[in-house]
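Report on the structure given below.
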Amino acid sequence: MNTMKAVVFDEPYKVSYGDVERPSNPQPGEAIVRVMACGLCGSDLHPYRGSEAGLRTGTVCGHEFAGIVEEVGSGVKLTPGERVAASFTTACGRCWFCTHALSSRCDSAQLFGWVDEAGQGIHGGQAQFVRVPHADGTLMRLPDDVTFEEGVLLGDIMATGYFCAKNALSLLADSGIPPEQLSVAVVGCGPVGLCAVASARALGFGQIFAVDRVQSRVDAAVKLGALGHGLESANDGRGMDAVLEVVGAYEALKLSFALVRAGGVVSSVGVHAHDKGFPVTPGECYDKNVTFRSGRCPARSLMNEIGELVKSTDIARHIISHRVPLATASEMYEKFEAQKDGILKVVFDPWA
């Protein structure tokens with residue numbers, strides 16, 4: 001058996017690094033990618049903490065990766081040697097949803113790094129190699145000036161931050177208020193929140209307020225153009241035109257509805273892996289004329305659109321705090337979960 005190094009899920013609060021079977025013999029439509037960089041995402045912590053159950057022991061973790069095409073199956077247009085980045089879910093590129101800018105709801109979408117207890121699903125990208133179904137629909141050719149690190153960001157968190165900000169702006173378009181006169185609060189200034197800040201600024205929002213309990217994260221948002229104070233008195237106290245919620249916590253969503261003005265928009269992309277329900281009633285939404293928009297980011301539908309944004313915002317420099325060998329994954333999961341050592345965004349090198 002050919003083996004490779006990878007990070008696998010063992011049980012809540014335990015992942016391990018070691019040898020697993022290397023993917024080979026790509027089937028029609030598949031590619032094998034040599035992973036050159038892979039990320040640790042906040043949503044990786046959901047099964048790690050046990051808040052999202054059902055992940056099979058031994059599953060290769062991770063859904064953020066970029067690398068080089070190693071092998072392809074029949075019918076694949078990509079060729080070995082091409083530099084690529086993957087969206088965090090597979091996309092066939094042909095179904096109704098893929099052809100209508102909603103690749104996250106592809107008829108055959110699967111999340112990388114999720115194999116259920118019945119053995120259904122696909123292994124992830126925190127590894128030296130990964131099998132990619134629907135390769136032509138899932139993988140994006142990387143421009144020469146986009147690094148593998150930036151490719152990791154393209155396929156998930158940058159796309160998600162942009163999706164969150166763009167959703168809010170599109171829903172406010174009917175107000176007739178120019179974007180530069182609109183105010184937005186970003187609730188949660190971790191990696192996705194910082195990408196939302198950068199995206200909101202690029203889309204032309206006039207005032208962007210950073211909201212987070214961790215001051216260092218607010219400071220990071222300020223460096224990207226956000227304001228770290230003054231939210232309460234903004235807009236004569238009537239509230240935010242839009243609130244971007246990226247945390248995935250009941251309390252964060254409740255705060256978002258409190259911060260938004262009457263007639264405003266709450267755009268939510270946080271993964272709510274909890275059973276606390278919804279923080280406001282339909283009547284409360286009605287009484288405030290609030291528009292709520294949510295959902296999984298259609299990353300593959302957006303990756304080509306935001307390629308230049310990743311470069312122009314220099315987002316990798318702002319958010320990647322740890323560049324480390326994949327062998328340190330167990331330690332990095334522990335630190336990321338506990339928010340130790342100023343950890344913000346971890347990018348692994350599988351070959352170091």
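Residue numbers start at 1 and run along the sequence shown.
Sequence neighbours left out, not one pair with a member in residues 178-236 passes ring pair (Phe, Tyr, Trp, His ring centres under 6.0 Å). Listed by first then second residue, pairs satisfying ring pair (Phe, Tyr, Trp, His ring centres under 6.0 Å) with a partner in residues 290-330 read Phe257-Phe292, Phe278-Phe292, not counting sequence neighbours. Within the structure, ring pair (Phe, Tyr, Trp, His ring centres under 6.0 Å) contacts touching residues 323-352 (residues at least two apart or in different chains) are Tyr48-Tyr333, Phe129-Trp351. Among residues at least two apart or in separate chains, salt bridge (charged side-chain N to carboxylate O under 4.0 Å, His left out) pairs with a member in residues 341-352 are Glu64-Lys345, Lys335-Asp341. Applying the ring pair (Phe, Tyr, Trp, His ring centres under 6.0 Å) test to residues at least two apart or on different chains, none of the pairs has a partner in residues 134-190.
In this structure the side chain of Arg34 never reaches within 4.5 angstrom of the side chain of Pro350, judged on heavy atoms. The closest side-chain heavy-atom distance from Ile315 to Leu224 is below 4.5 Å. Side-chain contact between Tyr13 and Glu337 is present, with heavy atoms from C-beta onward closer than 4.5 Å. Inter-residue side-chain proximity for Met140 and Val84 is flagged as unmet; no heavy-atom pair is nearer than 4.5 Å.
With sequence neighbours excluded, the residues forming a side chain to side chain contact (heavy atoms under 4.5 Å, CB included) with Ala221 are Cys189, Leu194, Val197, Ala210, Ala226, listed by chain and number. A search for side chain to side chain contact (heavy atoms under 4.5 Å, CB included) contacts involving Thr59 returns Leu55, Arg56, Val115, His123, not counting sequence neighbours. In this structure Asp219 satisfies the side-chain hydrogen bond (donor to acceptor under 3.5 Å, both in side chains) test together with Gln215, sequence neighbours excluded. The side chain to side chain contact (heavy atoms under 4.5 Å, CB included) check on Ala262 picks up Lys288, with sequence neighbours excluded. In this structure, the side-chain hydrogen bond (donor to acceptor under 3.5 Å, both in side chains) partners of Thr147, at least two apart in sequence or on a different chain, are Glu150. For Glu284, the side-chain hydrogen bond (donor to acceptor under 3.5 Å, both in side chains) test picks out Thr281, with sequence neighbours left out. Residues forming a side chain to side chain contact (heavy atoms under 4.5 Å, CB included) with Val347 (at least two apart in sequence, or on another chain): Ala37, Glu149, Ile320.
The only member of Val266, Val184, Asn235 that meets side chain to side chain contact (heavy atoms under 4.5 Å, CB included) when paired with Met240 is Asn235.
For Arg296, the CZ atom counts as densely surrounded, since its 6.0 Å shell holds more than 12 non-hydrogen atoms of other residues, nucleotides or ligands.
Of the possible donor and acceptor atoms, none in the side chain of Glu52 sits under 3.5 Å from a partner among the backbone N and O of Ala273. Without hydrogens or angle criteria, Ser294 side chain to Ser268 main chain gives a donor-acceptor distance under 3.5 Å.
A salt bridge does not link Asp145 to Lys311: none of the charged nitrogens lies less than 4.0 Å from a carboxylate oxygen. A salt bridge between Arg22 and Glu70 is present, with a side-chain N of the basic residue lying under 4.0 Å from a carboxylate O of the acidic one.
For His272 and Glu245, the side-chain atoms include at least one donor-acceptor pair closer than 3.5 Å. Between the side chains of Glu82 and Thr79, at least one donor N or O sits under 3.5 Å from an acceptor N or O.
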>> Run Ile122 and Thr90 through side-chain contact (heavy atoms from CB on, under 4.5 Å) and show every step you take.
In response: CA-CA 10 Å; Ile122 55 175; Thr90 62; 3.7 Å; yes
